[in-house]
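Chain letters run A, B, ... following the sequence lines, proteins first and then strands; every chain starts at 1.
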Protein chains: 4
Amino acid sequence: MPRVSPAHMERRREAILNAAMEVFIAKGYQVATVGDIAQQAGLSVGAIYRYFPTKADLMLALVRERLGRAPALFARLTARVEDPWERLVRCVELFTAALRVRHPGTGRLLLVTMAEAVQNGEVRRGLHDRFAGLADYVAGIIAEGVARGRFRPDVDPRTVAALLLSMADGVAVYWVTGAPDLELNAMGQSLVAMLRSYLLPEPLLKE
Amino acid sequence: MPRVSPAHMERRREAILNAAMEVFIAKGYQVATVGDIAQQAGLSVGAIYRYFPTKADLMLALVRERLGRAPALFARLTARVEDPWERLVRCVELFTAALRVRHPGTGRLLLVTMAEAVQNGEVRRGLHDRFAGLADYVAGIIAEGVARGRFRPDVDPRTVAALLLSMADGVAVYWVTGAPDLELNAMGQSLVAMLRSYLLPEPLLKE
Amino acid sequence: MPRVSPAHMERRREAILNAAMEVFIAKGYQVATVGDIAQQAGLSVGAIYRYFPTKADLMLALVRERLGRAPALFARLTARVEDPWERLVRCVELFTAALRVRHPGTGRLLLVTMAEAVQNGEVRRGLHDRFAGLADYVAGIIAEGVARGRFRPDVDPRTVAALLLSMADGVAVYWVTGAPDLELNAMGQSLVAMLRSYLLPEPLLKE
Amino acid sequence: MPRVSPAHMERRREAILNAAMEVFIAKGYQVATVGDIAQQAGLSVGAIYRYFPTKADLMLALVRERLGRAPALFARLTARVEDPWERLVRCVELFTAALRVRHPGTGRLLLVTMAEAVQNGEVRRGLHDRFAGLADYVAGIIAEGVARGRFRPDVDPRTVAALLLSMADGVAVYWVTGAPDLELNAMGQSLVAMLRSYLLPEPLLKE
DNA sequence: TATGAATGAGCATTCATTCAT
DNA sequence: TATGAATGAATGCTCATTCAT
């Protein structure tokens with residue numbers, strides 16, 4: 001007979017996770033202390049441990065519940081776009097917007113998480129799942145474009161998808177360490193131009 | 001063993017740096033202990049401190065003396081290639097080879113370093129210098145290609161260079177966390193194809 | 001055992017301070033380890049740090065809260081004595097008793113503290129405050145004696161007070177290093193005799 | 001067949017001892033490092049160990065060869081003075097001058113040494129020897145004054161001597177920690193006045 | 001003999017985790 | 001349930017001492 005409702009517990013769990021993300025982003029996983037997180041969440045250390053058995057579980061939950069949802073999120077937000085090329089462009093825009101506006105912490109969390117993945121197998125697996133999910137999604141778009149004759153026929157969807165995602169995460173990670181001269185919008189536009197010339201057959205002749 | 005030759009001291013310094021790189025790559029900066037590094041170097045803890053005043057200085061030296069030399073290294077190794085397009089392709093190949101064969105630890109070091117850069121201003125500056133140096137170099141190649149009429153005239157060299165390097169480091173970082181399905185060679189070839197279609201004006205008509 | 005009463009925390013703080021005093025007295029500040037203090041207090045190392053942020057703060061607290069209270073203590077314990085001469089004599093007795101019976105560790109603490117004061121400005125300031133406080137008090141007694149015509153008119157209260165206190169602390173410090181032949185009582189009596197002949201005008205004629 | 005002359009070795013030994021005194025005075029025994037001393041002496045660490053087997057031996061030598069010579073020094077410098085009272089006054093002057101001009105470091109060395117004596121039996125014994133030597137000498141003067149009828153007959157030479165020396169060392173030690181308001185000259189004069197009124201029978205009637 | 005690099009035990013301090021209240 | 005005091009293992013760094021050169 002719990003005193004608090006499951007909803008309340010869920011809300012508190014989320015609050016702790018948000019606090020942990022904030023703190024991990026600011027300090028990195030190793031440097032962040034459970035006390036920092038408790039303070040950020042406005043709770044006591046003990047309370048954290050009621051929701052997450054160890055500090056490592058906080059990181060893992062973030063990987064799975066924040067980063068891990070990126071594939072589903074992308075799918076949902078680009079589902080309405082019919083044309084594969086438009087959908088691909090939408091993905092690039094979405095990523096740029098996410099990095100700059102919607103979830104500016106995600107890039108940093110990605111970096112912090114990658115660093116932890118070196119050591120921690122479960123974190124590594126979580127990251128790979130996210131990458132694989134996103135790559136599958138993008139590869140699907142490309143494959144569809146190829147199938148429909150919209151894209152050049154000789155592209156390898158999986159490889160190009162991996163390339164795109166690597167670039168995206170590379171940008172995220174540099175952007176996030178405060179690299180001085182990264183103009184996200186310009187980079188997005190150049191990327192789209194590059195993809196257009198690569199994927200769309202003879203576009204220059206017509207346009 | 002005092003009054004050793006400067007050469008001996010330099011060799012030992014390098015050995016310690018190598019040991020530190022090994023250990024940082026394997027565990028990450030925070031988790032690695034100075035004892036680990038000493039053990040890896042076959043020295044005592046105190047000996048480490050004769051060459052590097054703090055653990056942080058080890059990291060910083062790695063950033064500056066390993067990662068930071070990448071621009072000069074790339075410049076040297078591609079200097080002979082005359083044609084800008086060939087030189088760009090050479091860079092991609094070089095990077096792929098470096099990641100896989102020559103300096104397989106560098107990618108990991110890059111990741112570990114990025115994670116530390118979140119916290120450590122000096123490390124961050126070191127990374128930015130490396131990125132800026134590489135970006136300058138690649139942008140120079142592209143600008144030259146544009147100037148010579150070899151590349152499409154409307155590309156923005158700096159933006160494309162940043163994009164390329166982000167992708168490269170993104171790949172490095174994923175490759176390094178052991179992402180399962182990254183086929184470096186295939187990715188390199190696709191990237192070259194993409195660049196060709198983007199940079200070279202109407203190459204398809206002739207070739 | 002959280003949410004303990006402030007009284008409990010204060011008691012524990014005092015216990016730690018007592019333990020620190022014990023250990024510092026026995027080993028000196030530099031040689032004493034925080035582990036020693038924890039053991040003496042029957043606590044863990046970590047517990048010490050909940051009450052005092054650094055080892056140096058333990059010393060400082062002792063200087064301020066043990067030694068620094070001497071002026072107030074002396075004032076309180078001799079306040080009732082009306083006659084300046086009697087009060088002075090009372091001070092000498094008090095000091096002798098304190099050294100031998102009441103606070104036998106204080107002399108040692110004084111020594112250990114002085115040694116630390118060479119290096120540590122805050123400790124030095126604490127010691128000077130104590131000395132100045134005691135000197136003010138004793139000088140006040142002497143000045144009052146002079147003003148009332150009870151003492152010889154040409155004595156300089158501040159200088160004599162400083163002299164007295166130097167002697168007192170000199171005795172304390174030697175007593176404490178275990179100097180073999182210091183007979184505290186005899187020394188106190190001789191001091192009183194010396195003061196009598198110096199301060200009281202022509203007492204020998206009458207008595 | 002030593003390469004260097006015994007005289008050279010003795011000179012070097014003295015130089016090391018001087019350096020050690022300088023450093024101990026500035027930092028205290030525990031905080032001073034053998035490296036500090038070597039640097040101050042312009043030698044290598046190893047050289048120090050050729051002359052003194054351990055760091056502790058440096059301190060001990062200082063106690064014995066610097067502080068321990070005080071009794072002989074005082075005896076020598078006051079030997080010419082015939083009258084016991086004059087000789088006593090001379091001692092006070094000597095002490096004041098020594099503290100301020102001749103050997104300004106001695107006070108500090110005394111303090112540092114006392115602190116070490118808490119722990120170190122040999123140092124303690126050295127200090128006690130010095131104290132006993134000085135006390136014997138002063139007590140001898142007083143006893144002589146009594147015997148000659150120059151001093152009040154009821155003084156206890158040993159106790160008064162101990163009192164005087166405690167005061168002297170107390171002053172030294174406070175002076176040395178930088179106590180702000182200690183006017184050595186004024187204190188010396190007051191002390192002489194106090195001693196005169198105590199020791200010399202009815203001086204007031206004549207002077 | 002002199003040097004100073006190397007050793008490694010030792011210490012102040014931190015922090016994940018526990019558990020009495 | 002929540003709190004936060006207590007625990008104690010772990011870590012970066014120092015320094016007396018040794019000894020190869």
Side-chain angles (χ1 to χ4, degrees), chain A residues 1-4 8-9 12 30-39 42-58, chain B residues 1-5 8-9 12 30-39 41-58, chain C residues 1-5 8-9 12 30-39 41-58, chain D residues 1-4 8-9 12 30-39 42-58:
Chain A
M1 64 198 80
R3 296 279 181 81
V4 297
H8 174 263
M9 289 200 65
R12 180 150 288 186
Q30 297 290 345
V31 176
T33 73
V34 177
D36 291 336
I37 296 166
Q39 191 161 45
L43 292 169
S44 67
V45 215
I48 305 293
Y49 279 87
R50 185 159 293 280
Y51 294 84
F52 297 91
T54 71
K55 185 186 170 189
D57 288 302
L58 280 164
Chain B
M1 213 176 303
R3 209 156 260 193
V4 292
S5 65
H8 175 263
M9 291 204 66
R12 183 144 289 184
Q30 298 290 345
V31 175
T33 73
V34 178
D36 291 336
I37 296 167
Q39 193 160 43
L43 291 169
S44 67
V45 204
I48 305 294
Y49 282 90
R50 182 162 293 279
Y51 294 84
F52 297 91
T54 69
K55 185 187 170 191
D57 287 302
L58 281 164
Chain C
M1 215 177 302
R3 207 154 263 191
V4 292
S5 66
H8 174 264
M9 291 203 67
R12 183 144 287 184
Q30 298 290 345
V31 176
T33 73
V34 177
D36 291 334
I37 296 167
Q39 191 159 46
L43 290 169
S44 67
V45 206
I48 306 293
Y49 281 89
R50 182 163 293 278
Y51 293 84
F52 297 92
T54 69
K55 185 187 170 190
D57 287 302
L58 280 164
Chain D
M1 70 199 72
R3 298 275 183 80
V4 298
H8 174 263
M9 290 200 66
R12 180 149 289 186
Q30 298 291 344
V31 175
T33 72
V34 177
D36 291 335
I37 295 167
Q39 191 162 46
L43 292 170
S44 68
V45 215
I48 305 291
Y49 279 88
R50 185 159 293 280
Y51 293 84
F52 297 92
T54 70
K55 186 187 170 190
D57 288 303
L58 281 164

Residue D:Tyr51, side-chain heavy atoms: nucleotide from E:dG4, F:dA2, E:dA2 that is nearest: E:dA2
Contacts of A:Val45 and D:Val45 projected onto DNA chain E by closest heavy atom; the upstream (5') one is D:Val45
For the pair made of CG in B:Leu58 and C1' in F:dT11, what is the distance, rounded to whole Å? 15 Å
Calculate, to the nearest 0.5 Å, the distance between atoms CD1 and NZ belonging to A:Ile48 and A:Lys55 respectively. 12.5 Å
Measure the distance from CD on D:Gln39 to P on F:dA16 and round it to the nearest whole Å. 13 Å
Quick one: A:Ile37 CD1 to F:dG4 P, roughly how many Å, whole number? 17 Å
Looking across every strand, which nucleic acid part, if any, lies under 4.0 Å from A:Phe52 by heavy atom: base, sugar-phosphate, or nothing? nothing
Any idea which of E:dA12, F:dA2, E:dA6 is nearest the C:Lys55 side chain? E:dA12
Nearest non-hydrogen partners of A:Pro53 and A:Asp57, listed with the distance: CG-OD2, 3.2 Å
Can a side chain N or O of A:Arg50 be found less than 4.0 Å away from OP1 or OP2 on F:dA2? yes
Counting any heavy atom closer than 4.0 Å, what does D:Ala32 reach on the DNA or RNA strands: base, sugar-phosphate only, or nothing? sugar-phosphate
Tell me which nucleotide among E:dA12, F:dT17, F:dT11 gets nearest to the side chain of D:Tyr49. F:dT17
When the distance from CG of A:Asp36 to P of E:dA16 is rounded to whole Å, what number comes out? 8 Å
Whole angstrom value for the distance that separates C1' of E:dA6 from CD1 of B:Ile48: 11 Å
With both distances under 3.5 angstrom, what nucleotide forms a Watson-Crick or G-U wobble pair with E:dA2? F:dT21
Nearest 0.5 angstrom please: C:Arg12 CZ to C:Arg50 CZ, how far? 11.0 Å
Distance in angstrom units between B:Met9 CE and E:dG4 P, rounded: 11 Å
Testing E:dA12, E:dT3, E:dA5 for proximity to the side chain of C:Val34, the answer is E:dA12
Would you kindly compare C:Gly42 and D:Ala56 by the position of their nearest DNA chain F nucleotide and give the one closer to the 5′ end? C:Gly42
note: A:Gln30, atom CD; E:dA16, atom C1'; distance rounded to Å ~ 12 Å
Looking at D:Tyr49 and D:Thr54, what are the two nearest heavy atoms and their distance? CE2-CA, 4.2 Å
Residue pair D:Phe52 / D:Leu58: nearest heavy atoms and the distance that separates them: CD1-CD2, 3.4 Å
Using Watson-Crick or G-U wobble geometry with both distances under 3.5 Å, which nucleotide pairs with E:dC11? F:dG12
Distance col, row B:Tyr51:OH vs B:Leu43:CG, nearest 0.5 angstrom, shows 7.5 Å
Look at the side chain of C:Ser44 and decide which nucleotide, out of F:dA6, F:dT3, E:dT17, has an atom nearest to it. F:dA6
Nearest to side-chain heavy atoms of A:Ala47, which nucleotide of F:dA16, F:dT3, F:dA6: F:dT3
Can you tell which of E:dA6, F:dT11, E:dA2 lies closest to the side chain of B:Arg12? E:dA6
